[in-house]
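Take a look at the structure set out below.
Note that the structure is predicted; figures quoted are calculated from it, not measured. All values below come from the heavy atoms of this structure, side chains included, with hydrogens, waters and symmetry mates left out.
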Amino acid sequence: MKALVTRLDSFGDVLLAGPAIRAVAARADTVTLLCGPRGAPAARLLPGVDDILVWDAPWVGFDPPPVGRGEVEQLIDTIDADTALILTSFHQSPLPAALLLRLAGVGFIAADSEDYPGSLLDVRHHRAPHAHEAEAALDLAGAAGFPPADDTGLRVLPPPATAGLTGPGPYVVLHPGASVPARAWSPERCAEAVRELAAAGHRVVVTGSAGERDLTAYVAGEHALDLGGRTGAAELSGVLAGADAVVTGNTGPAHLAAAVGTPVVSLFAPVVPAERWRPYGVPCVLLGDQDAPCADSRARECPVPGHPCLDTVTAHDVVTAVEKLRGET
């Protein structure tokens, strides 16, 4: 059986698909993961994936491309699968992807769908209303004939050794950036947390992408090691795996930390529900006002002056949460 799993959006979304992908891989001869360009670095970290197709879908993401007939036809001609699982977030429709997979000749397609699918789906599954995204994907896989194959936690391929980047000895990671501004703790609060963590005796490592170097330099200041722009996805997994705890918002590195088994202090803006998106399967302290006016708005920019859902969290709160997690592990 040639299986294809589709998860077209971001880095963290693809990591959360990992347990379902492993369930499919346990029963299929090959598994191809169809993902978007932002999810591709995560796809390369996942066990059970034999091949990766990267396609920028025009119905996904913050800056989707225009619809192009040539790109669609090329994708249809490239897909070679008997069975497909379309994984989406609770607010997304799987039907555009299902139509393309049908045109590609895929014989069996399963997805969560509240919309009438006509002949596009063989399994029209209804997700549990409050399920975590990782659990919802697993439930869909089970309904399609792929029950869990292991402990169902998040997982990535073994990380590389990164002591050459971090230096010896224990440390805490603070990752200040987020792909969506409404989900980020302010740089000032992050810098305060670095200073207070250092004053409490913690060695702090600050991580971020190449485009976040100014942010990580500011946050690290003279009190932390700045690794901004110095880690790809695999190297970041190694840095997070070596940490005692990771402090970050609702963003991809939170899920990568969970995938390598590191506890997370989650600075979680409630623009999406924590019950669906919090770090999965690891010790976690959730900080942030989950009943703030922005709750469930899916806002990209904070709609409330002063960003109170997160900026009411103090550096002292973060230090307390880190020490709580360190005491539990």
Side-chain angles (χ1 to χ4, degrees), residues 3 5 7 10-35 37-54 87 132-135 137-138 141 146 148-175 203 205-210 225 227-248 251-266 279-284 325-326 328-329:
V5 179
R7 183 78 215 210
S10 71
F11 186 96
D13 300 314
V14 171
L15 291 177
L16 291 173
I21 290 169
R22 298 197 309 271
V24 174
R27 289 159 180 83
D29 297 313
T30 62
V31 175
T32 297
L33 178 56
L34 173 60
C35 63
R38 292 189 303 134
R44 298 184 183 101
L45 301 180
L46 291 180
V49 175
D50 298 295
D51 195 16
I52 298 169
L53 288 178
V54 181
L87 303 180
H132 192 281
E133 291 293 306
E135 293 170 350
L138 278 166
F146 302 101
D150 50 36
D151 62 8
T152 73
L154 303 190
R155 192 179 300 168
V156 292
L157 297 171
T162 52
L165 284 170
T166 63
Y171 57 90
V172 172
V173 166
L174 192 146
H175 186 92
R203 190 163 70 91
V205 173
V206 178
T207 57
S209 68
L225 172 65
L227 292 184
R230 296 177 61 190
T231 57
E235 292 79 16
L236 181 59
S237 72
V239 170
L240 300 181
D244 290 338
V246 174
V247 180
T248 189
T251 190
H255 303 301
L256 187 56
V260 296
T262 300
V264 179
V265 177
S266 177
Y280 184 72
V282 294
C284 172
L325 289 174
R326 290 192 69 189
E328 292 177 354
T329 56

Do [X] and [Y] have side chains that get closer than 4.5 Å, going by heavy atoms?
{"X": "Leu157", "Y": "Pro47", "answer": "yes"}
{"X": "Pro158", "Y": "Ser237", "answer": "no"}
{"X": "Pro159", "Y": "Val260", "answer": "yes"}
{"X": "Leu227", "Y": "Glu235", "answer": "no"}
{"X": "Val54", "Y": "Cys35", "answer": "yes"}
{"X": "Ile52", "Y": "Arg44", "answer": "yes"}

Legend entry - Candidates Leu256, Leu240, Thr248 - the one meeting side chain to side chain contact (heavy atoms under 4.5 Å, CB included) with His175: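 Result: among Leu256, Leu240, Thr248, Thr248 is the only option passing the side chain to side chain contact (heavy atoms under 4.5 Å, CB included) with His175.
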Inset, instruction - Apply the test side-chain contact (heavy atoms from CB on, under 4.5 Å) to residues Val5 and Val31: give CA-CA distance (whole Å), side-chain angles for both, the deciding distance (0.1 Å), then the verdict. - result: CA-CA 7 Å; Val5 179; Val31 175; 4.3 Å; yes
Ignoring hydrogens and geometry, is there a side-chain-to-backbone donor-acceptor pair from [X] to [Y] under 3.5 Å?
{"X": "Tyr280", "Y": "Glu135", "result": "no"}
{"X": "Arg22", "Y": "Gly153", "result": "yes"}
{"X": "Arg203", "Y": "Pro168", "result": "yes"}

Inset, instruction - Taking all non-hydrogen atoms of both residues into account, name the closest pair between Val282 and Ala258 and its distance. - result: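 Heavy atoms only, the tightest pair is CG1-O, 3.5 Å.
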